[in-house]
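Per chain, numbering begins at 1; letters A, B, ... match sequence-line order. No hydrogens, no waters, no symmetry mates; every other heavy atom, side chains included, goes into these values.
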There are 2 protein chains.
Amino acid sequence: MTVATIRELARLADVSVATVSRVFNNPEVVNQETREHVLRVAADLGYQPNESARTLATKKSHMVGLIWDTDHRRPGWRHPFLQEILIGLKTALSARGYHLLLLATSGSEIPGPDIYSRAVTRHNLDGVVFIDNGRQDPALHHLAASGVPCVSLDRPVSGPRATYVISDNAGGARSAVAHLYARGHGSIATITGPATTRPGAERLAGYREQLAALGLPYRAELVVDGDFYLAGGQAAMCRLLDLDERPRAVFVAGDEMAVGALRAITEAGLKVPEDIALVGYDDIELAALVRPGLTTVAQDKAGFGTSAAAALVAMIDGTAGEAPPPTVLPTRLVVRDST
Amino acid sequence: MTVATIRELARLADVSVATVSRVFNNPEVVNQETREHVLRVAADLGYQPNESARTLATKKSHMVGLIWDTDHRRPGWRHPFLQEILIGLKTALSARGYHLLLLATSGSEIPGPDIYSRAVTRHNLDGVVFIDNGRQDPALHHLAASGVPCVSLDRPVSGPRATYVISDNAGGARSAVAHLYARGHGSIATITGPATTRPGAERLAGYREQLAALGLPYRAELVVDGDFYLAGGQAAMCRLLDLDERPRAVFVAGDEMAVGALRAITEAGLKVPEDIALVGYDDIELAALVRPGLTTVAQDKAGFGTSAAAALVAMIDGTAGEAPPPTVLPTRLVVRDST
DNA sequence: CGGTTTCATGTAACCGGTTTCATGGACGCT
DNA sequence: AGCGTCCATGAAACCGGTTACATGAAACCG
């Protein structure tokens, strides 16, 4: 059961190791007959080139590091689409011959700003994908600055060979507000995400932009803060319901909050969309399942993964001379029954 | 920015490469002064041992392959807990110094039963974790038979160094049925998962066992097939509602189906739990968010990851002489408002 | 026909670690 | 002093690939 090495294969095929190597890496330079013969013997032998040896010789591991910090003592923002992102990443990277190495950060390592860079050099990683955890991990800067091809999801970053993929939060928010306006609403409230998070801040900005574009006034009392969680949305909605002049339309910056808002409205004995129209954000699974179905701004979930993979591979292969521009994923308004 | 090699470090520390190597791998055999001196120089230099070189020399990669097939052309069962499993795996493996390599299976590879084993030999993987996709991938057998340390999640497997982690599906189902009985129901229906999947089959078995234990008759018309998806659950529930004698209690073998069932019931103008009591299975996030909150059988989600990691490392380190026995994770009944 | 290209292939150094075995000094014992 | 142990260390082979360079045969050319 010992694995065949390139030397054995060379001996059996009666060629030199260089020729065998060329058969696999540079097939066009070797004579067709020789090539086919070597491939045949290789198949018989079940030969598998040893990746560690290749990596050692070439400095290319064909592996991309995935940084997805999950320190449970300091819980970060739990990404709602991890699975979709992973599928997108894996599929797109696979097609280009790369594997994903999920970097372990604890272990016996001494943590520090260079924790990721260290892992990169140790494993000769060809690039890195960073999934934001909302915790402002300073190690990302160090990594991006080090010149390793690096793509960050949901969080801007700059560096010689770094770029990022982000959803068009402001655009999505604008489309939500425009949709409510088109449904005949002139007074549109919003429940925001935390201002410290990028999606929270940008969606609020988009809301304001669209109000301005429509010539609607911005009224501070129609803006209440949420936290991206259900209970927060419910509480925020209660505050809106208590206003003297109850809003008839609300843009909620996250679906989970929107479901909370829906609940608050229902419990107040009001109806969606007759009394109050609601637009959410994210298009989580739940959005399609609640009653009434939630109109919401959908993100291109798999797009995160595939775009990241494409950008990364472009940098690795040098197809993109320098860092490619950030990818801004378009959003799509999914109209259901809540508006 | 060239990385330091062991030879440079040896030269600067004025020792041999063998000594440097020992400082990192066998610290106890080297004189304390020498050791500290070498470590100091190493830190100054920012020395990072090259993992490919180590792997080449030792045949140990300190990497564990993760097989999580996501072929979208033939969609398998989408695991509800991927994120939790990954967190558990990553944390437990990190602590023991292992990384997770997400294996790409497409690429230019010719697929075949040995697709995973090939990846294992190429990368010198120390072990493999297999996440079931409900697709009966035959390659798993080949892998387990090959003698690579291998842990399968949710799906039994046997091999010289293979074991699996599974939830106590039958036990969970029994507790669900017992709970409904305790709530005063004597006629309990069930909506099953596909009989070809292990969770589907075992939860049905548990249902029957508990009926028997309670002295209740098993009635075939009260058992309808679902597919673990929402629409399937809804359809199945409709069939149950059409029965002459409508059941007052239903054990649904998956939460997503249970939500579908909930919807069917609501649409029929009936109320949960007053008219029909419902117990789900899995405790997905959604279960807590629907109205009424779904009583359900919760699995030890992170336990999948941590148990798998523990079993795998035991096999790798040889702590477990042969394959350790399967791990059966206990379930926990979470009572909410649907019963 | 000698000289230059071109093509296919082989030789051997190299990538950066680990590990076996040899070596030599310090120590303890008779 | 002579001998055997123990301890710390070094020299060099080895892991399994890649690749720069050398080689030799065939093709081409004036």
Categorize [X] for me: base, sugar-phosphate, or nothing, with a 4.0 angstrom heavy-atom threshold over every strand shown.
X: B:V20; answer: nothing
X: B:S52; answer: nothing
X: B:T55; answer: nothing

Does a nitrogen or oxygen in the side chain of [X] sit under 4.0 Å from OP1 or OP2 of [N]?
X: A:K59; N: C:dG16; result: yes
X: A:S21; N: D:dG17; result: no
X: A:T19; N: C:dG10; result: yes
X: A:T34; N: C:dA8; result: no

So, for [X] and [Y], which heavy atoms are closest and what is the spacing to 0.1 Å?
X: B:L12; Y: B:V41; answer: CB-CG1, 4.0 Å
X: B:A162; Y: B:M315; answer: N-SD, 4.0 Å
X: B:K301; Y: B:F81; answer: CE-CE2, 3.5 Å

Rounded interatomic separation in angstrom, taking [atom1] from [X] and [atom2] from [N]:
X: A:E36; N: C:dA8; atom1: CD; atom2: C1'; value: 16 Å
X: A:N26; N: C:dT9; atom1: CG; atom2: C1'; value: 13 Å
X: B:R122; N: D:dC15; atom1: CZ; atom2: C1'; value: 18 Å
X: A:F24; N: D:dG17; atom1: CZ; atom2: P; value: 9 Å
X: B:R7; N: C:dC14; atom1: CZ; atom2: C1'; value: 10 Å
X: A:N25; N: D:dA20; atom1: CG; atom2: C1'; value: 15 Å
X: A:N31; N: D:dG24; atom1: CG; atom2: C1'; value: 15 Å
X: B:I6; N: C:dC14; atom1: CD1; atom2: C1'; value: 16 Å

> DNA chain D: B:S16 or A:A4, which has the more 5' nearest nucleotide?
Replying inline: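 The answer here is B:S16.
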
>> Can you work out whether B:A57 or B:E28 has the more 5'-proximal nearest nucleotide on DNA chain D?
In response: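 The 5'-side residue here is B:E28.
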
> Which residue, B:N50 or A:V30, contacts DNA chain C at a nucleotide closer to its 5' end, judged by nearest heavy atom?
Replying inline: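 Nearer the 5' end of the strand: A:V30.
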
Nearest to the side chain of [X] - [options]?
X: A:T58; options: D:dG16, C:dG17, D:dT19; result: D:dT19
X: B:T5; options: D:dA8, D:dA11, C:dG16; result: C:dG16
X: B:P49; options: D:dA12, C:dG17, D:dG16; result: C:dG17

> In terms of ring plane angle, is the pair B:H123 and A:H99 parallel, tilted or perpendicular, where the classes change at 30° and 60°?
Replying inline: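 Rings of B:H123 and A:H99: perpendicular, over 60°.
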
[N] pairs with which nucleotide, Watson-Crick or G-U wobble, both distances below 3.5 Å?
N: D:dC6; result: C:dG25
N: D:dG30; result: C:dC1
N: D:dC21; result: C:dG10

> When only distance counts, do a donor and an acceptor, one from the side chain of B:R22 and one from the base of D:dG10, lie under 3.5 Å apart?
Replying inline: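 For B:R22, whose side chain was compared with the base of D:dG10, there is a donor-acceptor pair (under 3.5 Å).
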
> For the side chain of A:R54 and the base of D:dG16, is some donor closer than 3.5 Å to an acceptor across the two?
Replying inline: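 When only heavy-atom distances are counted, A:R54 does not reach the base of D:dG16 through any donor-acceptor pair under 3.5 Å.
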
>> Between A:E8 and A:R11, does any NZ, NE, NH1 or NH2 come within less than 4.0 Å of an OD or OE carboxylate oxygen?
In response: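 Answer for the salt bridge query: no.
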
> For the ring pair A:F304 and A:Y164, is the centre-to-centre distance below 6.0 Å?
Replying inline: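 So the answer is no for these two rings.
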
